[in-house]
Amino acid sequence: MVGWIGTKTMGAFGVLLGLAFGSVAGVGSYTFIYAKGASYLTNDPAACANCHIMRNHFDAWAKSPHHAVAVCNDCHTPHNLFNKYLTKSLNGYHHSLAFTTGNFHEPIFITARNKAITEAACRHCHEDIVMAIDPPHAGGEAMSCIRCHKEVGHME
Amino acid sequence: MNIFERKVEARNPFFRVVELTDETDSPAIWGKNFPLQYDLYKRTTDMQRTRFGGSEAVLRMPTEADPRTEVAQSRLEADPRLKTMWAGYAFSVDFREERGHAFMLDDQTFTERQQFAKQPGTCIHCHASVYVPYKKLGNGDLMKGFEIMNQMPYAEARKLVTHPVSCIDCHDPETMSLRITRPGFLEAVKLYKNDPNYDVNTQATRQEMRSFVCGQCHVEYYFKGPEKRLTYPWFDGIKADQILAYYDEQGFKDWVHAETGAPMLKAQHPEFEMWNQGIHARSGVACADCHMPYTRVGGLKISDHHVRSPLLNINNACQKCHDFPEAEMKARAESIQANFFSMRDTAMNSLMALIDDIKAAKAAGAVDARLEAPRQAQRHASFLIDFVEAENSTGFHAPHEASRLLLLANDTIRQGQLALRETPAAAAPAATAVEPAAPATTPAAPPAMPAP
Amino acid sequence: MNIFERKVEARNPFFRVVELTDETDSPAIWGKNFPLQYDLYKRTTDMQRTRFGGSEAVLRMPTEADPRTEVAQSRLEADPRLKTMWAGYAFSVDFREERGHAFMLDDQTFTERQQFAKQPGTCIHCHASVYVPYKKLGNGDLMKGFEIMNQMPYAEARKLVTHPVSCIDCHDPETMSLRITRPGFLEAVKLYKNDPNYDVNTQATRQEMRSFVCGQCHVEYYFKGPEKRLTYPWFDGIKADQILAYYDEQGFKDWVHAETGAPMLKAQHPEFEMWNQGIHARSGVACADCHMPYTRVGGLKISDHHVRSPLLNINNACQKCHDFPEAEMKARAESIQANFFSMRDTAMNSLMALIDDIKAAKAAGAVDARLEAPRQAQRHASFLIDFVEAENSTGFHAPHEASRLLLLANDTIRQGQLALRETPAAAAPAATAVEPAAPATTPAAPPAMPAP
Ligand SMILES: [Ca+2]
Ligand SMILES: [Ca+2]
């Protein structure tokens, strides 16, 4: 089911979670994000919207409460330098190929790997408020955020 | 963002190759300006089955009377109980699965029902591009042309039309916006809106129009009064039991049942009425959202004018709103349909039992007075079952409403069968000297439904 | 690492004030570590009605035998047909709307059903924090303690328990993860999963557990065999008709109907079974998603331990997934419920008619052989109606399935009533000389359902 993270992705997700927690140490408040807002926005979302096929997602993002605080890469790349660029290149390759060949399923569905990255990104910013509902053990089963917060994922 | 504010997809650039007027009814001409829509429109000749819908091509030997080499599968053969249900009526002779819009004119012209009884020109209202012919016949007056064609015999009226439903039947040639052209709906939508002054073409929202253009034809109708005026029976409401109440008030019947003598009613394709009762209508989802979803052709998003079963096109038709895999969406629709199908089966068997009962009683010489209640039960139950059976989504458009109607039908049959067995005092079966209890009495008043 | 350690630097909201062990059954002690959850948990004493659910406080004069000053409204008074349906069984004496978890132990202890017939210690399985008492009784062995308590009379077993369902019944005290503690479910989940080796506490996913903890108690059950072993009857499947088939195979009956002599079955709160048939379960939505939705307390999101009707809490329970206004979501749920309620009403009236019929036939001296088929019809129909009636969501958890069962019940009644009137040859009512047709015959085989 697309609705949430399958058990198979849990291992990788756990690792990502760990990384996300690592980088959030000593942070974890909205103030920080607001303060650094400008630098986040240098990850220009227009780069993504260059592809008309990304247009809907761009539009939905632009109307969402998140557009003031998070750009595409905040949700779609890991909050860790190495993984960020690894992911960017993997996705860049994949999307360009798909776009050129036109050979992809519509509507577009996020891949399991990218979804895990995004779910970790939610926690990166919202750990404070959701810590009680996350599993006590690293490697425990995490709850999918977008199962309930569908609208955050550009939902029409 | 929600489904109500449907986005106008990347502006549709088109080249005005030809000038379209309010008299252009040939789709090929419109197709010069809108080749993408036209190409898809032509594909309504495709025949492909889904588990419960779509259609299947059955080869036949063409005859002089009926030159078709392919027809859709017979529904009477698939379920012979329908013949008994409609005994004595044209539908018991020929009734087929409906198929794509391209076939509508031929299928009407050549159905064997035409042989069974002379049909009026009225029929053409929903089976041809009739907007321009109506206007011509009425000297520019649509309603007048409609009334004139209604009075013609079918064969004569048939000569006045050429195309199945065409661009001009749904679109304004100048603005390309949707437009209602059917007199039947222009009148009935006032009842639907409960506003005698409602003018659908100026007052409806765009999203409403995306269903109303279909509601022009995909509705229950009858021929009213001696002049057989085409009428959508929405005077008491559009639910099946409200329509039934209206027919009862009018004392209307479609035919007399050949086996039981009951005054019968036939329901036809109430897709619009049933859709209205469902969760999708309630959520603002229009016919066109599922049956003409946006589809990407090259870099453009256009409405898929290949009108067909959405289950042949799940990614565009369903997945824009439902975040589940294609196979799962198919399984969900089919599970609703299978559940409906099994309920319909139960009700249908009950109906056959009632018909058998009345037939037997009649054969045994029962007088009309004694048959009155059972025959009314047959009339009512048969109409309710027919309503959800004739509705072509196999329950999908409004599963809860369909269930309600089937239970109502089944219970009506139960009471009809008991009424037939309710005998004047002392006529209880001698063998056991059972005193039959009055049917359906309740020891106490049923509880009031809690107020909303 | 456990929940405490990990959260320490991140301004952990929970402090390990006390040590919790597998013997700590007092919720107040757990509440020291988790005051937010405990505060909400205590609010299950609230009584508030929704249109069809919730509960209403009815004042009463406390007596020695029953010291309660407030009870929930009587369902028997709301619908007296229930008394007829259950004539001769404890439920016809006292049956009330269920209310919050805080009341479970008192309501069981003091229900008048306890006076009607001696109840076994087994009952406590679902009405108290019984995990620690079971283990104590079994010297550390849960299953053994369970078997011992089952054999005690209720009054004696009652002395061994103190709390209504408590933290330890759903949570592992060390990890706080969800845990199944109920022998009935530990066994039955193997049938549910169709795997005799299934170990729910190690193999279930977190999301599954968010329903399974409720499925420990919100299920149909019966007391099997002479030792009256608590059993969830899922051997042939968990749908109502599959459970019915199982009871028939077992030749099991709950009681004999006082008015008709039929061998009856009683269904009880099959929320888990019905939820499983619905679109929400299919979409992975758990009981806790709706009945314990996340709620924000200060800067923290926690599970709302005030377990109650989601319609008292639509904003958190529904609107995160459904993007419609609160009033609209309420109306949607209530429209499903009202539709169900009217269908239930029809089936209920039919059942009363059947009971009247059998009663009358019996009074007139009909022999048992003649009453066999009608009595079976009563047994079956009554169980099916009871199943959806006892399911406490008024149809919401699985509206399609509920409709299917009600139609099945109504049709079973129709056949039962006809069977009663089917008389040995020549017994046809003399007055009109009608030859009654065999009921429910069909002129042709029904169409096969299209394969998936
Ligand atoms: Ca079809
Ligand atoms: Ca309640």
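Proteins come first, then strands; the chains are lettered A, B, ... in the order of their sequence lines, and each starts at number 1. From a predicted model like this one, the values you see are computed outputs, not experimental measurements.
- In this structure, chain C has a heavy atom under 4.5 Å from the side chain of N339(B), while its backbone stays farther away.
- For chain B, the nearby parts of A338(C) are the backbone and the side chain; heavy atoms of each come within less than 4.5 Å.
- Proximity to chain B involves both the backbone and the side chain of A331(C), based on heavy atoms less than 4.5 angstrom apart.
- No option in H322(B), R332(B), E328(B) other than R332(B) meets the side-chain hydrogen bond (donor to acceptor under 3.5 Å, both in side chains) test with S283(C).
- Every residue two or more places apart in sequence or in another chain that forms a side-chain contact (heavy atoms from CB on, under 4.5 Å) with S335(C) is listed here: R282(B).
- More than 12 heavy atoms of other residues, nucleotides or ligands sit less than 6.0 Å from atom CD of Q242(B).
- For the atom pair CG of L407(B) and CZ of R404(C), the computed distance is 14.0 Å after rounding to the nearest 0.5 Å.
- Shown here is E77(C), whose CD atom has no more than 12 heavy atoms of other residues, nucleotides or ligands within 6.0 Å.
- Although no hydrogens or angles enter the test, the distance criterion places no donor-acceptor pair under 3.5 Å between the side chain of D411(B) and the main chain of T346(C).
- Contact residues of residues 47-55 of chain C toward chain B are R51(C), F52(C) (heavy-atom distance under 4.5 Å).
- T412(B) is linked by a side-chain contact (heavy atoms from CB on, under 4.5 Å) to A377(B), H380(B), A381(B), counting only residues two or more places apart in sequence or in another chain.
- Here L418(B) contributes atom CG and Q417(C) contributes atom CD; the two are 4.5 Å apart, rounded to the nearest 0.5 Å.
- The candidate from E334(C), H400(C), E401(C), K330(C) with the greatest count of non-hydrogen atom pairs under 4.5 Å with chain B is H400(C).
- With rounding to the nearest 0.5 angstrom, the CZ atom of R421(B) is 11.0 Å from the CG atom of L420(C).
- The distance from atom OG of S403(B) to atom CG of L406(C), rounded to the nearest 0.5 Å, is 9.5 Å.
- H280(B) pairs by the side chain to side chain donor-acceptor pair (under 3.5 Å) definition with nothing, not counting sequence neighbours.
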